[in-house]
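Notes follow once the structure below has been shown.
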Amino acid sequence: MTAEHEPKRGTGTNIEGEAPEPEPEGVSDAVTVTEESELERTIGLVGGLTIGIGTMIGAGIFVFPGLAAGNAGPAGALSFAIGGVIALLVALPASELATAMPRSGGGYFFVSRSMGTGPGAVVGLGLWLGLVFASAFYLVGLGHYAAAVFTELGVVLAIRPVIPLGLLFGLALTGLSIAGTENTAVIQNVVVVGLLVVLTVFLSYGTLDSLGVFGRQTVPEAFFPRGYLPVLTTAALVFTSYLGFAQVATVAGDIKRPSRNLPLAMVGSVIVVTIFYVATIFVATSALGAAQLGTLGETAMVEVAREFLGLPGAVAILFAGLLATFSSANASILSASRTVYALSRDALLPRRASRINLSYGTPHVALLAAGGPILVLVASGRVEVLAEVASFLHLIMYSLIAVAVIVLRRRDPTWYEPSYRMPGVPVLPAAGALASVLLIAFMQRASIAIGFVVIAVGYAWYRYYADDVDLRGDF
Amino acid sequence: MTDRPTVLLPVRILEGEPIPEGIPDLLMRAHVVLLGYHVVPEQTATGQARMQFEARARTRLETFEGMLADAGATVETRLVFTHEAQATIDRTIYEHDCLAVLVPNATNPPETVLVALRGRVGLDRTATLVGGLFGDADIDITLYHALEADESEADARAMFEAIVDRFVEAGIRRDAIDVRLAEGGDPRAAVTETAEAFDVVVVGESDPSVVTYLFGMRAPQVAESFLGPVLVVQRERPADARSTE
């Protein structure tokens, strides 16, 4: 299972004279082999799945149901299903590319190697900032849950505590990721498995109850209370709930048996969360009705749980929401830092951006490059815009990933030997690329504008800083 | 590397852990797989650590390689950046089919060796290792066995005769071998206690907890218990043990 590449390096230098690092000599199931040393792969299939699922469920289950039901009514479940299908259409090409290039950096790496430095730089810088926006979104969600804890305890605060709490958690997370060296992967696995168990119990009970098994009368209402268009705009809004599978690809360099585990982790996590999301909206709208859900905002799920299971249910979901949004934010900050590393390895950002702190062994510059802007964005408090910009930047990358598969299959360079080949090329990846771009059209104007500005700045940075660097994959 | 037993010597390459005194002499008849590894936290990509530290790690590794080679060992080096030291050590043991792993503590020129045995488990590999490392040297070997609950002393003595023969076959002089039996109790504690009087200890891997125990988990206790170096004999790895996940 060793993919042998010629260890060439990308050519050219950036304006500081730094050249891209050479490509590794080969990749096996357990290790990436470079000329002088080896890089151990330590994340298995379960770890990969929990990275994907753990990043995603924080948003889809604990933040969006109220907003989605308010916008689209019970058809919000359909919005999530649409998002799931698009995510799957992108997860398949991403899986194929990941088995051919199992290197850290994920989507950025695939696009830069298949389409060249310009698109690569746009996607890479966009991915970094996309993750920054996503983390800020999760942190605002976390702030809502922490604020709900105070409400539950009957503590009345002089100011609305959501943003200050979000900022506090943002600071704590950045600090922890710089100074903490505990083994958080194990904790992450336990948290995600625990969340899935709690949710499975809750959703099974809720589904049965909603179907009238326990004698409940569901709230009668139209499936499309506001017509069809809100289903699509809601799909664009909640797509943030599907960004996590790409995080698996950002740590592709750490995944054991990449040819098997990367596709399974990416596709598997998308399928798992889609089922959970659709069930959640169904249960939530059945319990309280979409109109009432819409008024409850980010922490609507707490009230849904209270409706079914009383105070213990509300407390359990409150606690689960804190954990889930925290783990989503944490995973996104770490992925953002990995992306900065991947960019600086390729000389698109200064090499010093991925310097490692000598006392903690962590990349403090890259982590601060994620944590700093995150705090600024959290302070804005605009949940929907943060979510949409994050999705926008990811969707651009997704469409290029899908295009990359078509390009590589057609060009068929010698180094391109994916061990997993997706079915239905070119139709399915073309559909994925098209759907990704179309989804953007249903976003708010402000989000689209911010997204385009980020992309333009990314491209300008590339032309200014690293115009000479050529990364196209002839390795 | 015909008759030389392959011994893995793992070293945390960047953390000021030089090769302790006496270790090159101990391994002079071995084929040493010198594994320099650097553990990075999960927040850090292994490749990130490589960009920054590879050159320094290589230099140190080459210094260590030179020390071992000067003493007479044949040496292969590996340099690995990892998130999990144990995963890296296990993989290297497997890939090089290492007979034993050395937990390097300082030692005098070794004169007395304690070999802790648990029945016949892994006996051949233990004998090959001890014979290869100490066969033609002037070294006293003590075979040690703690009686298990349902085992009579007579049984154990009978077993030992066969075992001693096996060590003699492996190249140890019969008069250099001493046999010691201990009554029940906690075998690990017994080994620890007895070990104090020896320069080098050889134990089997059959009890996995010993391995974890030795590998830095509770370094202070280990340092108190085993002042000298410890060779942990590895089970034979099945040919297709890879890719278990």
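The structure presented is a predicted model; accordingly, all values stated were derived computationally and were not measured. Sequence lines set the chain letters: A, B, ... in the order given, protein chains first and strands last, and positions in each chain run from 1.
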Would you call A/K256 and A/D29 a salt bridge, taking side-chain N to carboxylate O under 4.0 Å as the test?
no
Can you tell which part of A/R41 gets under 4.5 Å to a heavy atom of chain B, answering side chain, backbone, both or neither?
neither
Between B/H31 and B/T74, is any side-chain donor less than 3.5 angstrom from a side-chain acceptor?
yes
Give a yes-or-no answer on whether the side chains of A/N330 and A/Y138 include a donor-acceptor pair shorter than 3.5 Å.
no
Heavy-atom pair count under 4.5 Å with chain B, highest-scoring of A/T42, A/L367, A/I333
A/T42
Within residues 46-58 of chain B, which positions have a heavy-atom distance to chain A below 4.5 Å?
B/T46, B/G47, B/Q48, B/A49, B/R50, B/M51, B/Q52, B/F53, B/E54, B/R58
By a 4.5 Å heavy-atom criterion (distance strictly below it), what part of A/V251 contacts chain B: side chain, backbone, both, or neither?
neither
Salt bridge (charged side-chain N to carboxylate O under 4.0 Å, His left out) pairs, two or more places apart, involving residues 19-30 of chain B:
B/R29-B/D136
Hey, what do you get for CD (B/E76) to CG (B/L68), rounding to the nearest 0.5 Å?
12.5 Å
Please check if the side chain of A/R351 supplies one atom and the backbone of A/A19 the other of a donor-acceptor pair under 3.5 Å.
yes
Are A/Y360 and B/Q43 close enough that a side-chain donor and a side-chain acceptor fall under 3.5 Å?
no
Atom group of A/T34 that falls short of 4.5 Å from chain B, counting heavy atoms
side chain
Interchain contact, A/R345 with chain B, by part (heavy-atom threshold 4.5 Å)
both
Would you find a donor on one side and an acceptor on the other, under 3.5 Å apart, between the side chain of A/T32 and the backbone of A/S28?
no
